[in-house]
*Asks:* 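Supplied in structure tokens, the structure appears directly below.
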Number of protein chains: 2
Amino acid sequence: MAEQTDTRERILDVALELFNEKGYDGTSLREIAERLGVTKAALYYHFERKEDILLELHLRMHGIGRGILDRLDAVEDERDVVAAWPALVDAFIDEVLANRDLFLLHQRNQGAFAKIADDERHQAENEDIEERFRRFLSTEAIPLDDRVRMAASVGAVMVALMGATGGGLFGDVSTTDVADRVRGIVHDMLRS
Amino acid sequence: MAEQTDTRERILDVALELFNEKGYDGTSLREIAERLGVTKAALYYHFERKEDILLELHLRMHGIGRGILDRLDAVEDERDVVAAWPALVDAFIDEVLANRDLFLLHQRNQGAFAKIADDERHQAENEDIEERFRRFLSTEAIPLDDRVRMAASVGAVMVALMGATGGGLFGDVSTTDVADRVRGIVHDMLRS
DNA sequence: GTCTATATTTCGATAGAC
DNA sequence: GTCTATCGAAATATAGAC
């Protein structure tokens, strides 16, 4: 069985593609249906609203971030977070490499996500991971310099690595090659 | 005179606000007009098309980036770019501090900008600054490690500094305080 | 589950009075 | 320079046959 009930999966795949190409708002259900080879109405069998497609993709992104943040929460003393950070960044890099499209979606459609953030369905389950991340970076028990370093390391990974995988930011260089260098650079950045 | 002919300026201000809140595509002219206290039709007296509002904001962003990139082009030998980079990042930080909303717009609406990039009006004058930036990072005469460091430094500034100014990423810490630390961190990052 | 309609809303844009 | 009124297009969403 299963055979073709994974139309739902195919919808999500195509939607993710198109949302990254033209943005969430700039993508119509008609376009998704056409690229998928079905009609618009078929999409409504699988998702009640267009929003729900974006929401599901958001939740997957959420699951990825949660694994990392849980490891952050597991650190007993807040001041030990700094020591734990390099390993977490490595995990983050692995996730970015494996789920680049999802991270790209999140980065490029913050406006659309902000809209559905108010939604009950969204607020119910999960606490926003960005919110949890923010709380860590507001912890006064951690020296400000370390907190800025942690935030900066995330930005460094995002720009250097995401640019390398998708846009060929560095020309014809293998992604793993760039990833290794990013790891080295970020680790250096984190030893204050 | 001048008195209220700067409705044009107010439109741009409100549009920049809304584009950052809900994205370019997610913002309707009706919303802009409402927040401004005028009607939709009034907007069309100042701008022929919705695109033109975005385009004007884009051109301002462009003017900012051009100053920095020109200094990059002024470096004779490509391999000296690495040595010149720290000073350029400092200039970049200054611009981000002074024009945070414009940088946010550019970061959050890459898709919308890509659409108008094909436009004749846009292509005429200026070559896209991101394209010029990309070309530098593809220059094989510069060691890959240095190029990744340069890209990473931009990401570090964007996340740490933009987060600090807008969202209070680090709690109640002054922006200039964060900015100084970002400078230090990025300079460290750039001495290979 | 997917289709052919079609209802409903909203958007960008224009015309013309003031 | 701003308004009211409206047009045409495109979008989301629904109804009902198959």
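To find a chain, count down the sequence lines: A is the first, B the second, and so on, and within it residues start at 1. What's counted below: heavy atoms across the whole structure, side chains too, no hydrogens, waters or symmetry copies.
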*Asks:* At under 4.0 Å, does any side-chain N or O of A/Y44 touch on OP1 or OP2 of D/dA13?
*Replies:* yes
*Asks:* For a quick test of reading the model: is some side-chain N or O of B/S28 closer than 4.0 Å to OP1 or OP2 of C/dT10?
*Replies:* no
*Asks:* Would you classify B/T39 as touching base, sugar-phosphate or nothing, given that sugar-phosphate means primed atoms plus P, OP1 and OP2, and contacts are heavy atoms under 4.0 Å?
*Replies:* base
*Asks:* Provide, to the nearest angstrom, the distance between the CG atom belonging to B/L18 and the P atom belonging to C/dG12.
*Replies:* 12 Å
*Asks:* What I want to find out is whether A/D73 reaches A/R66 closely enough, with some N-O distance under 4.0 Å, to be called a salt bridge.
*Replies:* no
*Asks:* Name the closest nucleotide to the B/H46 side chain, picking from D/dT2, D/dT12, C/dC3.
*Replies:* D/dT2
*Asks:* Can you figure out which of C/dG1, C/dA13, D/dG1 approaches the side chain of B/Y45 most closely?
*Replies:* D/dG1
*Asks:* State whether the number of non-hydrogen atoms from other residues, nucleotides or ligands found under 6.0 Å of A/E78 atom CD is greater than 12.
*Replies:* no
*Asks:* Provide, to the nearest angstrom, the distance between the CD atom belonging to B/E48 and the P atom belonging to C/dA15.
*Replies:* 12 Å
*Asks:* Is it true that B/R10 and B/D6 have a side-chain N and a carboxylate O under 4.0 angstrom from each other?
*Replies:* no
*Asks:* Expressed in angstrom and rounded to an integer, what is the separation of A/D52 atom CG from D/dT12 atom P?
*Replies:* 13 Å
*Asks:* I need the CZ-P distance between B/F47 and C/dG12, as an integer number of Å.
*Replies:* 15 Å
*Asks:* Please state how far atom NZ in B/K40 lies from atom C1' in C/dA15, giving the value in whole angstrom units.
*Replies:* 14 Å
*Asks:* Quick one: which of D/dG1, D/dA5, C/dA13 gets closest to the side chain of B/A41?
*Replies:* D/dA5
*Asks:* Give a yes or no on whether a salt bridge exists between B/E56 and B/R60, defined as a side-chain N under 4.0 angstrom from a carboxylate O.
*Replies:* yes
*Asks:* Using a strict cut-off of less than 4.0 Å between a Lys/Arg side-chain nitrogen and an Asp/Glu carboxylate oxygen, indicate whether A/D70 and A/R132 qualify as a salt bridge.
*Replies:* yes
*Asks:* Write down the distance between CG (B/L36) and C1' (D/dC3), rounded to a whole number of angstrom.
*Replies:* 15 Å
*Asks:* Would you say B/R30 places a side-chain N or O within less than 4.0 Å of OP1 or OP2 belonging to C/dT10?
*Replies:* no
*Asks:* Quick one: A/L54 CG to D/dT12 P, roughly how many Å, whole number?
*Replies:* 13 Å
*Asks:* What is the separation between atom CG on B/D25 and atom P on D/dA11, rounded to the nearest whole Å?
*Replies:* 12 Å
*Asks:* At less than 4.0 Å, is any side-chain N or O atom of A/T7 found next to OP1 or OP2 of C/dT2? Yes or no.
*Replies:* yes
